[in-house]
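Please read these numbers as outputs of a predicted model, since none were measured by experiment.
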Amino acid sequence: MPPSIPPDKSLVSNLKNMTEIYNKRFIHLIILTFLFGHLLYIDTPFVNLEWVYKAGTQYYTTWDPAFLDIYLSNQANPITYSFFSSIFVYLFGDNYINYRLLSLFGGCLILMSYIKYNSPFLVLMIALNPLVWIYSGRAYSELLSVGLLVLAIELHKSGYIKGIIGGISASVKYHSILFAAPYWGLKWLDSIFIKKEIDFKNTYFISALFSTLVFIIFLISYFYLYDIWIVPDKYKDTLALKPTAFLNNFFSYGFYLSALFFVTIPHLLRNTSLKTHLIALSISLPLAIINQDNGEMNFGSLDQILGSQVILLVKIIGFWNFLLCLDIFIRNKKYRVLALTIIFYIAVLSATRPAQRYLLFIIPFWALLISQSDMKLHSLFKWGYISILLCLVIFTSLYQVSNAKASEDVVNWSEENNLTINTNWIYPHVGDSPMHSWDSNLSVQIESKENDEVLFKSPVMILGYEIRKYVVVRRKE
């Protein structure tokens, strides 16, 4: 038998270097595609209360207090995002895109922060995540805050800079501090446990301290400028702690998060014992059956397509996936603190009104945990998963544009006919319309009744398929 020939080390090294170069170029291409993919459609009319952020921006461009009143009456988040977006509106004009650019910047910032891991699959998981994609193209505060949060955590040098960026992130959206400060605090405690000494010069301690200080300074300044402590008074009951709903909400966050990352399921099926499967399912099944949406934990435009039975199945499998993934992540010593921080974040939010967009603050880190774990994900499943995500983001983008256009068509029709209407179903999209009045006997519905006089119809179409229809009716009693 001829002796085996050892591999050429230089050849192996060259192949490794070529792979790294290919991966980096692919990642750059993904980020550019993410950027230009959003630029194709974000200069379109607003949806889902984006007009409130526009009102906040107009306050800073006009200093008209009426716009500030509109913002604070319709939004619990601080006005920071609108303050920053006013710079773009002032420089480049009052166009839809200029209100949304900061969100797109935040989305790109997340992806750029993860270039160092040299994993195209990791970047694709985040870029094509439906929530990340949707909110990167809307004038909402979440993505800018998340982008700054990821940047702060991934910076490796100065704890002061990390803390300051983390504090700014929290000033845009408060949820950021609920992740950043506990994460850095736990990392500091972990270093104490390892080194057996308390180090107040530790990067993580400085980061946690400075992010908290910057956030407190912001809260005091916000109170001084706008007479608001954390949130406007009208939202304090809505956002109040509700411990009795904790388990229900924790389940909702868990199943929703893992449902977005169903790519892990084949690995879990192959590499988890039957006993563990049964334990996870015995927890997931009853919680899924009694689960209720106490806030905004729906699937948006997909709800009417999926139906209640499919959604129940998604809940069961999603939380089962969540529990088994957590078990794997917590066993990984390198990323245990990150997994524990995610649990802490979800637990805190579960005590108040839930919303699926709050998961944006942990989606990048959950994707990182999957990417850096020992899970063996077959290429077929990985690229099949990416293909499904791609279809979802195309659908949601088309739906947003079509929904916005249909709503705008209703308003244009009312203006052309000089009719004041109760915008009703399309109010979240066109709430700042001068043609809106809650007292009008003409209202926008998604279906007409037998005695209604139908005055105008505006369908929401995707690739020739009607998803829903807005109908202006005069109701007869």
Between [X] and [Y], is there a side-chain N and carboxylate O pair less than 4.0 Å apart?
{"X": "E142", "Y": "K173", "answer": "yes"}
{"X": "D199", "Y": "K195", "answer": "no"}
{"X": "K236", "Y": "D233", "answer": "yes"}

For [X], I'd like to know if atom [atom1] has over 12 heavy atoms of other residues, nucleotides or ligands within 6.0 Å.
{"X": "L398", "atom1": "CG", "result": "yes"}
{"X": "E20", "atom1": "CD", "result": "yes"}
{"X": "K24", "atom1": "NZ", "result": "no"}
{"X": "R336", "atom1": "CZ", "result": "yes"}

Search all heavy atoms of [X] against all heavy atoms of [Y] and return the closest pair with its distance.
{"X": "M297", "Y": "S252", "value": "CE-O, 3.6 Å"}
{"X": "V314", "Y": "F255", "value": "O-CD1, 4.3 Å"}
{"X": "F361", "Y": "P364", "value": "C-CD, 4.4 Å"}
{"X": "W366", "Y": "S258", "value": "CZ2-OG, 3.7 Å"}
{"X": "I177", "Y": "S211", "value": "CD1-O, 3.8 Å"}
{"X": "N332", "Y": "Q372", "value": "ND2-O, 4.0 Å"}

Cation-pi between K196 and F193: NZ/CZ under 6.0 Å from ring centre and within 45° of the ring axis? yes

Is it possible for you to check whether R138 lies under 6.0 Å from the centre of the six-membered ring of Y135, through NZ or CZ, and within 45° of that ring's axis? yes

Minimum side-chain heavy-atom gap [X]-[Y] below 4.5 Å:
{"X": "F34", "Y": "L104", "result": "yes"}
{"X": "I328", "Y": "L268", "result": "yes"}
{"X": "E296", "Y": "R353", "result": "yes"}
{"X": "S103", "Y": "L144", "result": "no"}
{"X": "Y53", "Y": "Y81", "result": "yes"}
{"X": "N129", "Y": "V393", "result": "no"}
{"X": "Q58", "Y": "Y71", "result": "no"}
{"X": "H277", "Y": "L324", "result": "yes"}

Do you know which of L340, I370, I342 makes side chain to side chain contact (heavy atoms under 4.5 Å, CB included) with F329? I370

Separation between [atom1] of [X] and [atom2] of [Y], rounded to the nearest 0.5 Å:
{"X": "Y41", "Y": "T44", "atom1": "OH", "atom2": "OG1", "answer": "8.0 Å"}
{"X": "I164", "Y": "L148", "atom1": "CD1", "atom2": "CG", "answer": "13.0 Å"}
{"X": "T33", "Y": "L128", "atom1": "OG1", "atom2": "CG", "answer": "9.5 Å"}
{"X": "L189", "Y": "I198", "atom1": "CG", "atom2": "CD1", "answer": "9.5 Å"}
{"X": "K315", "Y": "S284", "atom1": "NZ", "atom2": "OG", "answer": "10.5 Å"}
{"X": "T264", "Y": "N321", "atom1": "OG1", "atom2": "CG", "answer": "3.5 Å"}

Determine whether K242 and T352 satisfy the following criterion, side-chain contact (heavy atoms from CB on, under 4.5 Å), listing intermediate values before the conclusion. CA-CA 5 Å; K242 298 175 182 176; T352 185; over 6 Å; no

Taking the six-membered ring for Trp and the full ring for Phe, Tyr or His, determine whether the centres of F322 and Y256 are under 6.0 Å apart. no

Passes side chain to side chain donor-acceptor pair (under 3.5 Å), Y99 versus D94? Steps please. CA-CA 8 Å; Y99 293 96; D94 187 3; 2.6 Å; yes

Does Y358 form a ring pair (Phe, Tyr, Trp, His ring centres under 6.0 Å) with Y253? I'd like the steps, not just the answer. CA-CA 9 Å; Y358 301 160; Y253 280 124; 7.0 Å; no

If the test is ring-ring contact (aromatic ring centres under 6.0 Å, His included), which one of [options] qualifies with [X]?
{"X": "F205", "options": "Y160, W184, F200", "answer": "F200"}
{"X": "F83", "options": "Y90, F88, Y60", "answer": "Y60"}
{"X": "Y226", "options": "Y224, Y222, W229", "answer": "Y222"}

Less than 3.5 Å apart, any donor N or O on the side chain of [X] or [Y] sitting next to an acceptor on the other?
{"X": "N48", "Y": "Y140", "value": "no"}
{"X": "S273", "Y": "T276", "value": "yes"}
{"X": "S86", "Y": "T57", "value": "no"}

Would you check, one step at a time, whether the test side-chain contact (heavy atoms from CB on, under 4.5 Å) holds for L349 with N249? CA-CA 8 Å; L349 292 189; N249 294 343; over 6 Å; no

Classify the angle between the aromatic ring planes of F251 and F319 as parallel (below 30°), tilted (30 to 60°) or perpendicular (above 60°). tilted

How are the rings of F395 and Y399 set relative to one another: parallel (under 30°), tilted (30 to 60°) or perpendicular (over 60°)? parallel

Only pairs under 3.5 Å count here: list side-chain donor-acceptor contacts from residues 376-387, not counting sequence neighbours, and write none if there are none.
from, atom 1, to, atom 2, distance (Å)
H378, ND1, L380, N, 2.9
Y385, OH, L260, O, 2.6
S387, OG, W383, O, 2.8

Might you work through the side-chain contact (heavy atoms from CB on, under 4.5 Å) test for I290 and N248, ending with a clear yes or no? CA-CA 8 Å; I290 64 174; N248 180 84; 5.6 Å; no

Please report the C-alpha distance between Y183 and F344 in whole Å, then the side-chain angles of each, then the deciding distance to 0.1 Å, and finally whether the ring pair (Phe, Tyr, Trp, His ring centres under 6.0 Å) criterion is met. CA-CA 9 Å; Y183 174 74; F344 174 84; over 10 Å; no

Take F262 and I388 through the side-chain contact (heavy atoms from CB on, under 4.5 Å) test and state the conclusion after the steps. CA-CA 11 Å; F262 59 88; I388 293 172; 3.9 Å; yes

Under 3.5 Å, is there a donor-acceptor pair between the side chain of S191 and the main chain of W188? yes

Walk me through whether S169 and S145 qualify under side chain to side chain donor-acceptor pair (under 3.5 Å). CA-CA 5 Å; S169 171; S145 181; 3.1 Å; yes

Starting from the C-alpha separation in whole Å, work towards a yes-or-no answer on side chain to side chain donor-acceptor pair (under 3.5 Å) for W133 and S397. CA-CA 9 Å; W133 182 276; S397 300; 2.7 Å; yes

